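First comes the structure, then the notes that go with it.
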Protein chains: 2
Amino acid sequence: MTSDTESLSKARLRVWLKLLKTVNGIEGEIRRNLRDGHRTTLPRFDVMSALARFPDGLKMSDLSSFLKVSNGNVTGIVDKLTEEELVQRVPVPGDKRAQIARLTSKGEAEFETLAGYHEGWIDTLLDTLAMEDLETLSDTLERVLAQGTEKERADA
Amino acid sequence: MTSDTESLSKARLRVWLKLLKTVNGIEGEIRRNLRDGHRTTLPRFDVMSALARFPDGLKMSDLSSFLKVSNGNVTGIVDKLTEEELVQRVPVPGDKRAQIARLTSKGEAEFETLAGYHEGWIDTLLDTLAMEDLETLSDTLERVLAQGTEKERADA
DNA sequence: TCCAGATATTTTAAGCTTAAAATTTCAGCC
DNA sequence: GGCTGAAATTTTAAGCTTAAAATATCTGGA
């Protein structure tokens with residue numbers, strides 16, 4: 001391995017650690033805000049956010065693949081959101097195995113409120129990034145994501 | 001709010017979601033690699049990585065603040081690493097409350113191996129980023145981190 | 001000395017997460 | 001109809017995570 005290759009590898013590692021630190025910091029702040037100010041959690045917010053994108057609801061399995069978490073995971077979160085009447089399970093006509101989870105009107109209202117705050121928190125936390133930075137960053141991330149997609153294909 | 005301000009806020013939100021997707025994807029890949037190929041987990045790797053930076057070991061509380069996780073959390077992880085003789089707890093002379101966690105020589109060897117693989121995984125996953133991209137990205141993240149630091153001061 | 005508050009750590013309770021097993025239902029084929 | 005394998009979901013077991021309570025020890029002052 002040439003010295004150039006080695007330093008590139010080390011530089012990537014350092015940037016990865018910084019990326020992780022940045023994202024963990026922001027995510028921690030969001031979790032704190034949700035918990036302390038709104039008595040909820042990020043996984044709950046994520047589920048509601050996914051359901052808000054699909055007004056007709058999502059099958060449990062579609063919800064878990066959309067969020068990239070396990071089936072069992074969403075079962076537990078939807079259980080609790082259902083207890084609080086923020087989400088409801090609707091039977092799928094013609095398939096007794098499946099259920100559709102969807103926001104109740106109470107859940108929609110709750111999500112709209114939370115989403116507003118959420119956008120504000122992110123806006124503050126990413127305050128230092130102007131449109132040009134955002135575009136550059138977005139392009140960079142896009143390339144990394146594309147590389148990940150390629151790898152998935154190789155694994156499959 | 002002007003339309004420009006609104007679109008900036010929305011753009012920040014979109015970039016945040018992309019950032020999260022990227023980091024979660026990479027982190028998931030690292031977790032899979034550690035689990036499937038090396039019978040360990042990311043939190044364990046993180047603890048060993050922190051201890052590897054401090055050959056004389058770290059007090060439990062310093063370890064948790066370094067990793068930015070709770071005290072109780074490291075207690076459990078160090079317990080298990082200790083059972084496997086990868087880490088040992090050393091009493092602190094003059095303070096019976098405190099303990100220093102440090103890698104055993106077995107732990108050091110194990111970490112060196114894992115760290116090599118880890119650097120390779122990151123190198124592959126960030127394959128698409130050349131030195132120039134890394135520098136730009138690093139600067140961008142630095143600014144976001146600095147903003148977070150400012151906010152912490154305001155909260156304190 | 002003794003005690004009150006601070007410090008270091010562990011324990012506890014609750015929630016999130018996963019992979020794997022279990023359950024229920026479906027779909028196609030005989 | 002009945003069977004078999006697939007599909008959708010839930011349950012289970014194990015581990016990670018946190019905040020808060022509990023424990024043990026230390027420190028400084030009365």
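To find a chain, count down the sequence lines: A is the first, B the second, and so on, and within it residues start at 1. Small disclaimer: the values here were computed from a predicted structure and weren't measured.
No hydrogens or angles considered: nothing links the side chains of Gln147(A) and Thr128(B) as a donor-acceptor pair under 3.5 Å.
Few gaps surround CD on Glu84(B); more than 12 heavy atoms of other groups in view lie less than 6.0 Å from it. The environment of Lys18(B) atom NZ is dense: over 12 non-hydrogen atoms of other residues, nucleotides or ligands sit within 6.0 angstrom.
Between Phe66(B) and Phe54(B), the angle of the ring planes goes over 60°, which puts this pair in the perpendicular group of the 30/60° scheme.
A 4.0 Å heavy-atom criterion places the boundary nucleotides of DNA chain D facing chain B at dG15(D) to dC26(D), written 5' to 3'.
Counting only residues at least two apart or on different chains, the side-chain hydrogen bond (donor to acceptor under 3.5 Å, both in side chains) pairs with a member in residues 52-67 of chain A are Ser64(A)-Asn71(A). For residues 91-104 of chain A, the pairs satisfying side-chain hydrogen bond (donor to acceptor under 3.5 Å, both in side chains) are Asp95(A)-Arg97(A), with sequence neighbours left out.
Counting only heavy atoms from C-beta on, Arg97(A) has its side chain closest to dT24(C) among dT7(C), dT10(C), dT24(C).
Here Ser70(B) lies in heavy-atom contact (under 4.0 Å) with a base. Nucleic acid contact class of Val92(B) (heavy atoms, under 4.0 Å, all strands): none.
The stretch residues 72-91 of chain A comes close to DNA chain C through Gly72(A), Asn73(A), Ile77(A), Lys80(A), each having a heavy atom under 4.0 Å from the strand. Near DNA chain C, meaning a heavy atom under 4.0 Å away, there are no residues from residues 18-26 of chain A.
Under the 4.5 Å side-chain heavy-atom criterion for grouping Ile, Leu, Val, Met, Phe, Trp and Tyr, Leu137(B) is connected to Leu17(B) within one hydrophobic cluster.
Residues passing the salt bridge (Lys or Arg N to Asp or Glu O under 4.0 Å) test with Asp127(B): none are found, sequence neighbours excluded.
Between Glu27(A) and Arg31(A), at least one side-chain N (NZ, or NE/NH1/NH2) sits under 4.0 Å from a carboxylate O, which counts as a salt bridge. Look at Arg32(A) and Glu29(A) and you find a salt bridge, because one of the NZ, NE, NH1 or NH2 atoms lies within 4.0 Å of a carboxylate O, short of that distance. A salt bridge does not link Asp123(B) to Lys10(A): none of the charged side-chain nitrogens sits closer than 4.0 Å to a carboxylate oxygen.
Nearer to the 5' terminus of DNA chain C, by closest-nucleotide assignment, is the contact made by Asp62(B) (compared with the other of Arg35(B) and Asp62(B)). Checking Gly94(A) against Asp46(A), the closest nucleotide of DNA chain C that is more toward the 5' end is the one next to Asp46(A).
Between Lys59(B) and dA8(C) there is a side-chain polar atom (N or O) within less than 4.0 angstrom of OP1 or OP2.
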